[in-house]
Amino acid sequence: MADKKLLLIDGNSVAFRAFYALYRQLESFKSPDGLHTNAIYAFKNMLDVLLKDVEPTHILVAFDAGKVTFRTKMYGEYKGGRAKTPEELLEQMPYIQEMLHDLGIKTYELKNYEADDIIGTFATKGEENGFQTTIVTGDRDLTQLASDKTTVEVTKSGVSELEAYTPEHMKEVNGVTPTEFIDMKALMGDNSDNYPGVTKVGPKTASRLTQKYGSVENLYEHVDEMKKSKLKENLINDKDKAFLAKKLATIDRDSPVTIDIDDVKRQPVDYEKLRQFYEKLNFRKFLAELNASGKGQDDTATEKVEYTVLDDHNFKDVKVTENDQVEFYLAMLGANYHLADFVGFSLKINDQIYVSKDVELLEEDNLKHLLEDEKIKKNVFDLKRTTVGLHRLGIHAHGLDYDMLLASYLVNNENNSNDLGEIAHLYGDYSVKTDMEVYGKGKSEHIPDDDILFNHLASKVNAIEKLKEPLLKKLKEHEQDDLFDTIEIPTARVLAKMEMNGMKVEASTLIQLQNEFAVKLKELEDKIYEQAGERFNLNSPKQLGHILFEKLGLPVLKKTKTGYSTSVEVLDQLKTQSPIVSEILDYRQIAKIQSTYVKGLLDVIQPDGRVHTRYLQTLTATGRLSSVDPNLQNIPTRTEEGKQIRKAFVPSEPDGYIFSCDYSQVELRVLAHVSGDAHMQEAFKTGYDIHSHTAMKIFHLDSPDQVTPLMRRHAKAVNFGIVYGISDYGLSKNLGISRKRAKEFIDNYFEQYPQIKDYMNKAVQEARDKGYAETIMHRRRYLPDIHAKKYTVRAFAERTAINSPIQGSAADIIKIAMINMQKKLDELHLKTKMVVQVHDELIFDVPKDELETIKKIVPEVMQSAVKLDVPLIADSGWGHNWYDAK
DNA sequence: CTGATCACG
DNA sequence: ACGTACGTGATCAGT
């Protein structure tokens, strides 16, 4: 017999979560009849995940039957004062029930009882009948039902993440057993259900008392023995409240339900009705799934795309003029397009689609011309990838001036997918599958049969064409057409050049370092093992924690989720306790450099003696680039050992130079600009050292001479903190000063730079009003969490609202500088190559005789990228390797 | 595949 | 009473 598995879902609570998970898309999720469908859609998505994970034999979705329950009769204020359920959600509830019915899932509600009680009752039935039970809810109340046979999954942020409450997890979180959780709630009450517990008792105190006394009843038997205290007084005064709260908090595990466990057995899906339902609500994704599964089909079978397969004979038939609409897609298997195998290509010219696996056809005159002619405009998905791929075939692409990937990134960068199919789905087009569906993943990744592959490639060019207009319309609505045309598209072209050029890395230098570091590491290892009295894996935080905190008995200053923390922060404080600690720190530092940089870089030097990174242009939330394979944006610079790595980065020509130019304080200058703060602007205009200036301001000094190095260091941290959306706690931790002192710094700061404070308030308010934060070039970052109920979540969104326009505008600025820079290099026919970007810094590979020109033009171009209310300053350095270019 | 750690701006 | 600085990527251990 199959396993007996019971899934119990709190329908109202999950629908509520589902509704808010897609709240931002509320108005885009509408059926043709005008019904909102976001909660129905998200509910189904979540249900699919659950069905897959749990594989239940029995399911019940319980709903609340109405406002009046035995609890409201007991206590009139129960769940009073709650915000009314939004009408847009209420209207969806019957449809959720209808959908569940079509899916063969039982729904149930019971007059006078809440969904919780139905679930409690079935959880009991499940335990009695030998079921393994999973409960899913958005409400922590139900966690009291957790047992060895019953797991309670509580939805975390959104609906996709779940927190599994087992008795063990309950113990970790609340320090009590599931049953004791009821007593804990009795003492602390429940704000969201609007009943009080004992005055001044919160989760901490409630947990402590429950752990000590086990139950409310037992606590009150012993209350007289307690020491005189405010707490004791409160406990005595609020005894009635506590007992009432206990009744309210207790889920009825024996409510008079009229159905039994056999009635919730999963029934067959009614595919025909389900299809009609999806059609009525315009759920194209689920319809596509139905089609794909071949279930409940009618005459709308999976869309087959018409295409012509190109080969040696017919490729000449492809003809194109400047007026044609052209889409092109070049397929490679694998993320790293510098190396990945070609799979094929697809080409759409007006209504005609061509596909082929033979990418060498692209080198034929007519096709090569099509791709290289600037006047023939091509729409693509991932301009940079396409450009690099074609370059490997000897084709120099021009006229790629629309990129679906970049467009979708600008419109909404919450989803950072790089998959054409996934992105198409976001915009309601399910005609194209994801690469994962077609190619598989991991071990089973493979190229499918021709008809499937060709259909996939054809559907891609189709989707690029279909979604172009809607995406351009969105860009226009967002006032992002300039950002798209004059920044992102040209940046993609510049980055393609930088990546293809790559940077020369001398393996010999790295190998020499590798040997030196190996000796140092061996010495350190020996010393550490000797003091530890045993050999162990130094790279394992777990084993290291065991040695330091259990064997050697060092004090535990910080813990992680999984055990002792052994981070730098902790070890730095323990340095004085034992010499082993300093040696571990040294070991860690060198081991990091050895494995990540020396070994890591050696692995990615290509046969041309160079590394070819990929800049990810559509990943970050702020508009910055990121760099992978290898990451050239985190090459060490802070320690001398680390810095040595930079000696391996050399110019192409032996007597050439690496030239580096970085913006000075670009983020603070952006802040001075966007805030309009007169004092900060003045400081930048007069060319003050900004951190000293800040030190003068916050320490009330008259002259820069009075600023000590410590004051400057503190002021610098405050300036950084401001950019990050400061808190006194964060600053105090960073500087190792008291929280009070940190608060003084911040207060002084805002007093001295009042418009900065105004800016921060305005940034947060604007994010609340608009739902997003925006850079000087209209790059957006959506911040749905700005309305979150939980303080931590909301506060994070607020800091983000402050930081994103600053970090993002700085990213806009350097992108403009890069575009102008490449243009200048081309105009002057220089051989110098721009090779690396590190957020506020550009690195160049310069032939000897161009150094003087570069010294002059690079800072000029960078400083004039945009016109701010304060000057932009860029500082240069150069040498025969990256280390010396400072 | 996730978490801890540490490299960068 | 609570928990916090903003962005990233690579490596390793251990589930």
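The chains referred to below are lettered A, B, ... by the order of the sequence lines, with proteins before strands, and numbering in each begins at 1.
- Salt-bridge annotation for A/Glu233 and A/Lys200: absent, with no side-chain N of the basic residue lying under 4.0 Å from a carboxylate O of the acidic one.
- Among the protein residues, A/Leu619 comes within range of the sugar-phosphate backbone only, with heavy atoms under 4.0 Å from sugar or phosphate atoms but none that close to a base.
- Within the 4.0 angstrom heavy-atom criterion, only backbone atoms of the sugar-phosphate kind lie near A/Ala621; the bases stay farther away.
- Between A/Thr792 and C/dG3 there is no side-chain polar atom (N or O) within less than 4.0 angstrom of OP1 or OP2.
- When each of A/Arg624 and A/Gly600 is assigned the nucleotide of DNA chain C with its nearest heavy atom, A/Arg624 is the one assigned upstream, toward the 5' end.
- Using a 4.0 Å cut-off between charged nitrogen and carboxylate oxygen, A/Glu766 and A/Lys762 do not count as a salt-bridge pair.
- Residue-level contact check: A/Gln543 touches the backbone only, with heavy atoms under 4.0 Å from sugar-phosphate atoms and none from bases.
- When each of B/dC8, C/dT4, B/dT5 is scored by its nearest atom to the side-chain atoms of A/Ser727, the top-ranked nucleotide is C/dT4.
- Aromatic rings of A/Tyr883 and A/Phe649 (six-membered ring for Trp) have centroids beyond the 6.0 Å cut-off, not under it.
- Nucleic acid contact class of A/Asn631 (heavy atoms, under 4.0 Å, all strands): sugar-phosphate only.
- Distances from the side chain of A/Arg739 to the nucleotides C/dC6, B/dG3, C/dG3 place C/dG3 closest.
- A/Asn537 comes within 4.0 angstrom of the backbone, heavy atoms only, and of no base.
- A/Val838 comes within 4.0 angstrom of the backbone, heavy atoms only, and of no base.
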Could you walk me through whether A/Arg588 and A/Leu544 pass the side chain to side chain contact (heavy atoms under 4.5 Å, CB included) test, one step at a time? CA-CA 11 Å; A/Arg588 276 256 181 91; A/Leu544 180 61; 3.2 Å; yes

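- Between A/Arg794 and A/Lys789, the shortest heavy-atom contact is NH1-O, 3.2 Å.
- One atom, OH of A/Tyr724, and another, C1' of B/dC8, lie 11 Å apart when rounded to the nearest Å.
- Nearest to the side chain of A/Asp629, among C/dA10, C/dT8, B/dC8, sits C/dA10.
- If you check every strand for non-hydrogen atoms under 4.0 Å, A/Ile593 touches nothing.
- A/Arg638 comes within 4.0 angstrom of a nucleotide base, judged by non-hydrogen atoms across all strands.
- Side chain of A/Thr596, nearest nucleotide from C/dT11, C/dG3, C/dG14: C/dT11.
- Proximity of A/Ser565 to the phosphate of B/dT5: a side-chain N or O atom is located under 4.0 Å from OP1 or OP2.
- Within 4.0 Å of A/Asn734, counting heavy atoms only, lies at least one base atom of the nucleic acid.
- Nucleotide B/dA7: paired with C/dT8 (Watson-Crick or G-U wobble, both distances less than 3.5 Å).
- A close approach under 4.0 Å does occur between a side-chain nitrogen or oxygen of A/Ser540 and OP1 or OP2 of C/dG14.
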